[in-house]
Colleague: 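My questions will all concern the structure given below.
Counting begins at 1 with the first residue of the sequence. These values consider heavy atoms only, across backbone and side chains, with no hydrogens, waters or symmetry-generated copies. When a ligand or atom number is given, it counts from 1 through the structure's own listing order.
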Amino acid sequence: MAWNVVIVGGGFGGASAARHLERLLPRQSARLVLVNDVNFQLYTPFLPEAAAGTLEPRHVVTPLRDILRRTYLRLGAVTAHDPATRTIQLTSHEDEVDELRYDQLLLALGSVSRLLPVPGLGKNGIGLKSLADAIWLRNHIVETLEAANASEDPARREELLTYVFVGGGYAGLEALAELQDFAADAMDRYPRARLHGMRWIGVEATDRVLPEIDADLAEYAMRELRARGVEIRLGTRLEEATSEGVRLSTGERIATRTLVWTTGVVPHPSLGSLNVPLDERGRVVVDQYMHVQGLEGVWAIGDCAAVPDPRKKGAAPSPPTAQHAIRQGPVVARNIAAELGIGTPRPFRYKARAAFVNLGRHKAVGRLGPFKFRGFPAWWMARTYHVSRIPGLARKLHTVADWTVGLPFGRDIAEVGSIGHPRPLRADAYARGGTHRPLE
Ligand SMILES: Cc1cc2nc3c(=O)[nH]c(=O)nc-3n(C[C@H](O)[C@H](O)[C@H](O)COP(=O)(O)OP(=O)(O)OC[C@H]3O[C@@H](n4cnc5c(N)ncnc54)[C@H](O)[C@@H]3O)c2cc1C
């Protein structure tokens, strides 16, 4: 009899676990199934560069079928779980519902942007967590430049050319730095907009940016951004967002059409319907072997799980980073195999030693063990590291080619928001011309 091993989530954690299970479990003794809602793995560290047009969006994803050897890929979302009968419910994109039985189940659903109860935020803000977010942001920025260049009204130009980013963690700061760099480059082709000038504003609730790295490196990053004209407001919160602007906790009102919200992540909300124990932040409660408390044959890793952090001696959960998820994969694969009688289990022991933050314009800050890096050397190390980690030789070559071509030719400013939104076959659909979603 063959065991059914089902993995839910094909991101950093799930895909790495699947690859290791393929090696650990003999073909005849285990059927491996990976359920994911899209057929690719997104390399999130490159998301800001995809948003900024430095990398072609398709080059920051790798098809899961290229990563997996013998794991069967099922597309769809897991919508329910019954631990008593050991089944999960799968809903396909066509809304067809199916059930999968498992002997071992691994949950690796990742996370979503954290949304706070700020009036108007859900409607007027955009996160940077998915490929769709990155593509939308790039096109939106090009649209604001186009509209500002065409406008006779200075107040409207001001609104269009002001960009507000809330959240000073690495994802937010990288996005701000890369997009500001992109817009500054693109400005050369928008003379009226350039004459008016842009405003880029970073808002952070605490008294420092980049809590993930040393204070002096964070200071360097802030100095670097300020030198480019980016305004950084520390100790400031977003109080309200409307379609015309934002209000900050200082009372300041800023007219803007662009509000990017990157204040961290929360575990994937679908965990709430999967009958697994969750902690106060919605993470699956697991032990150091990544086994889910009280449920036989159920495991969880990555952003969706509270895996005890060996660096903090298990007193706190591992941070939600790809570095951790990708290393939890092989360990949980080994523990699942051990549960099926192959090998011995092992606790999660990885202690993160490196962190890099890209600041655009060939600069970054970072730490590797006891060594700190800033400026060009840090940028070069971060790029080399990421190229080595993105799955698939084709993607490695594509990313290097994108960067190389971008050096002499600059970045593309074609606004391609209509991709994936074909016009209906009706004459009136052509009446407006232009893109699918014009700025109001
Ligand atoms: C902009 C940005 C930059 C980042 N940069 C870095 C970095 O430089 N270094 C670093 O270490 N980390 C970085 N991270 C964090 C990193 O992306 C996450 O920690 C990592 O993706 C977590 O891996 P995971 O396997 O838990 O989840 P994910 O990689 O998010 O994978 C989860 C998968 O599960 C799928 N899924 C979710 N729900 C369901 C469901 N119900 N049914 C089926 N499938 C489902 C999702 O679509 C996804 O494919 C960054 C994140 C962002 C947003």
Colleague: Which of the atoms in ligand 1, numbered in the order shown and given with their element, are less than 4.0 Å from a heavy-atom of L128?
Modeller: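 Atoms satisfying the 4.0 Å criterion: 1 (C), 53 (C).
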Colleague: Is it true that S249 and T236 share a donor-acceptor pair across their side chains at a distance under 3.5 Å?
Modeller: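 T236 vs S249: no donor-acceptor pair found between side chains.
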Colleague: Look only at interatomic distance and state if A171 has a nitrogen or oxygen under 3.5 Å from any nitrogen or oxygen of ligand 1.
Modeller: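 Such a contact does not occur with ligand 1.
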Colleague: The test is side-chain contact (heavy atoms from CB on, under 4.5 Å); show your working for T162 and I201 and say whether it passes.
Modeller: CA-CA 8 Å; T162 300; I201 303 164; 4.0 Å; yes
Colleague: Which ligand 1 atoms, with their elements, are less than 4.0 angstrom from a heavy-atom of K129?
Modeller: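 So the answer, numbered in order with elements, is 53 (C).
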Colleague: Considering only the protein, which heavy-atom contact is closest to atom 34 (O) of ligand 1, and what is its distance?
Modeller: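 Scanning the protein heavy atoms, the shortest distance from atom 34 (O) of ligand 1 goes to G9 CA, 3.3 Å.
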Colleague: Give a yes-or-no answer on whether the side chains of Q323 and Y350 include a donor-acceptor pair shorter than 3.5 Å.
Modeller: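 Looking only at side-chain atoms, Y350 and Q323 do form a donor-acceptor pair, the distance falling under 3.5 Å.
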Colleague: For W200 and E231, test the side chains for any donor-to-acceptor distance below 3.5 angstrom and give the result as yes or no.
Modeller: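 No.
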Colleague: Hey, can you tell me if H398 and H59 have their rings parallel, tilted or perpendicular (30° and 60° cut-offs)?
Modeller: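 It falls in the parallel class, under 30°.
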Colleague: To which of V78, V61, L47 does the heavy atom nearest atom 40 (C) of ligand 1 belong?
Modeller: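 Among V78, V61, L47, the closest heavy atom to atom 40 (C) of ligand 1 comes from V78.
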Colleague: Hey, looking at atom 31 (O) of ligand 1, which of A77, G11, C304 has the closest heavy atom?
Modeller: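 Going through A77, G11, C304 one by one, G11 has the nearest heavy atom to atom 31 (O) of ligand 1.
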Colleague: On a heavy-atom basis, I'd like to know which of G366, A51, G13 is closest to atom 25 (O) of ligand 1.
Modeller: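 The nearest heavy atom belongs to G13.
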Colleague: Within the 3.5 Å criterion, strictly below it, is a donor on T71 or E22 matched to an acceptor on the partner's side chain?
Modeller: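 Present: a donor and an acceptor within the cut-off.
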Colleague: Looking only at protein heavy atoms, which one is nearest to atom 14 (N) of ligand 1, and how far off is it?
Modeller: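 Checked against all protein heavy atoms, atom 14 (N) of ligand 1 sits closest to Y170 OH, 3.2 Å.
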Colleague: Looking at atom 12 (N) of ligand 1, what's its closest protein heavy atom, distance included?
Modeller: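 Protein heavy atom at minimum distance: A322 N, 3.0 Å.
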Colleague: Could you point out which residue of R374, K363, R361 forms a salt bridge (Lys or Arg N to Asp or Glu O under 4.0 Å) with E224?
Modeller: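 Of the listed residues R374, K363, R361, the salt bridge (Lys or Arg N to Asp or Glu O under 4.0 Å) partner of E224 is K363.
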Colleague: In terms of ring plane angle, is the pair F46 and Y43 parallel, tilted or perpendicular, where the classes change at 30° and 60°?
Modeller: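 F46 and Y43: tilted rings.
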Colleague: Report yes or no: does G76 have a heavy atom closer than 4.0 Å to ligand 1?
Modeller: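 Yes, G76 has a heavy atom closer than 4.0 Å to ligand 1.
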Colleague: Between P45 and ligand 1, which part of the residue brings a heavy atom under 4.0 Å of the ligand: side chain, backbone, both or neither?
Modeller: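 Under 4.0 Å from ligand 1, P45 contributes backbone and side-chain atoms.
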Colleague: Side chain, backbone, both or neither: which applies to F356 and ligand 1 if a contact is any heavy-atom pair less than 4.0 Å apart?
Modeller: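 Contact part for F356 vs ligand 1: neither.
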Colleague: Identify, by atom number and element, the atoms of ligand 1 in contact range of A108, meaning under 4.0 Å from any of its heavy atoms.
Modeller: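 In order of number, 32 (C), 33 (C), 34 (O).
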Colleague: Select the closest option to atom 36 (N) of ligand 1 among T262, L75, D37, V8, judged by heavy-atom distance.
Modeller: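 Looking at heavy atoms only, the winner is D37.
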Colleague: Within the 4.0 Å heavy-atom shell around G302, which atoms of ligand 1 are there?
Modeller: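 Near G302, meaning under 4.0 Å from one of its heavy atoms, ligand 1 has 26 (O).
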Colleague: Could you tell me whether the side chains of T85 and D82 share a donor-acceptor contact shorter than 3.5 Å?
Modeller: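 Yes - a donor-acceptor pair under 3.5 Å links their side chains.
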Colleague: Which of these, V112, L107, D303, has its nearest heavy atom closest to atom 22 (C) of ligand 1?
Modeller: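 Among V112, L107, D303, the closest heavy atom to atom 22 (C) of ligand 1 comes from D303.
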Colleague: Where does the angle between the aromatic ring planes of Y102 and H81 fall among parallel (under 30°), tilted (30 to 60°) and perpendicular (over 60°)?
Modeller: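 Correct class here is tilted.
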Colleague: Indicate yes or no: does an N/O atom of N36 lie under 3.5 Å from an N/O atom of ligand 1?
Modeller: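 The answer is yes, given that N36 and ligand 1 share an N or O pair closer than 3.5 Å.
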Colleague: Nearest protein heavy-atom contact for atom 2 (C) of ligand 1: which residue, which atom, what distance?
Modeller: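 For atom 2 (C) of ligand 1, the nearest protein heavy atom comes out as T44 O, 3.7 Å.
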Colleague: Check the side chains of Q89 and D98 for a donor-acceptor pair under 3.5 angstrom, ignoring hydrogens and angles.
Modeller: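 On atom types as modelled, these side chains do not qualify, holding no pair under 3.5 Å.
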Colleague: Return the residue, atom name and 0.1 Å-rounded distance of the protein heavy atom closest to atom 20 (C) of ligand 1.
Modeller: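 Going by distance alone, atom 20 (C) of ligand 1 is nearest to F12 CD1, 3.6 Å.
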Colleague: Suppose we measure from atom 37 (C) of ligand 1 to each protein heavy atom; which comes out shortest, and what is that distance?
Modeller: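 In this structure, atom 37 (C) of ligand 1 has L109 O, 3.2 Å as its nearest protein heavy atom.
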Colleague: Would Q323 count as being in polar contact with ligand 1, using the rule that some N or O on each side must be under 3.5 angstrom apart?
Modeller: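 In this structure, Q323 places an N or O atom under 3.5 Å from an N or O of ligand 1.
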Colleague: In the protein, what heavy atom is nearest to atom 23 (O) of ligand 1, and what distance, to one decimal place, separates them?
Modeller: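 It is A325 CB, 3.5 Å.
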Colleague: Applying the side chain to side chain contact (heavy atoms under 4.5 Å, CB included) criterion to L100, which one of N4, V35, L105 satisfies it?
Modeller: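 For L100, the side chain to side chain contact (heavy atoms under 4.5 Å, CB included) check succeeds only for V35.
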Colleague: Is H268 touching ligand 1 with its side chain, its backbone, both, or neither, if touching means heavy atoms under 4.0 Å apart?
Modeller: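 Side chain only; the backbone of H268 stays clear of ligand 1.
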Colleague: Which is closest to atom 27 (O) of ligand 1 in terms of heavy atoms, P320, G172, G110, P269?
Modeller: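 Result: the heavy atom closest to atom 27 (O) of ligand 1 is in G110.
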Colleague: Check for me whether the distance between the ring centres of Y385 and W379 falls short of 6.0 Å.
Modeller: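 Y385 vs W379: aromatic centres not under 6.0 Å.
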Colleague: With R31 as the cation and W3 as the aromatic partner, state whether NZ or CZ is under 6.0 Å from the six-membered ring centre and within 45° of the axis.
Modeller: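 No cation-pi geometry.
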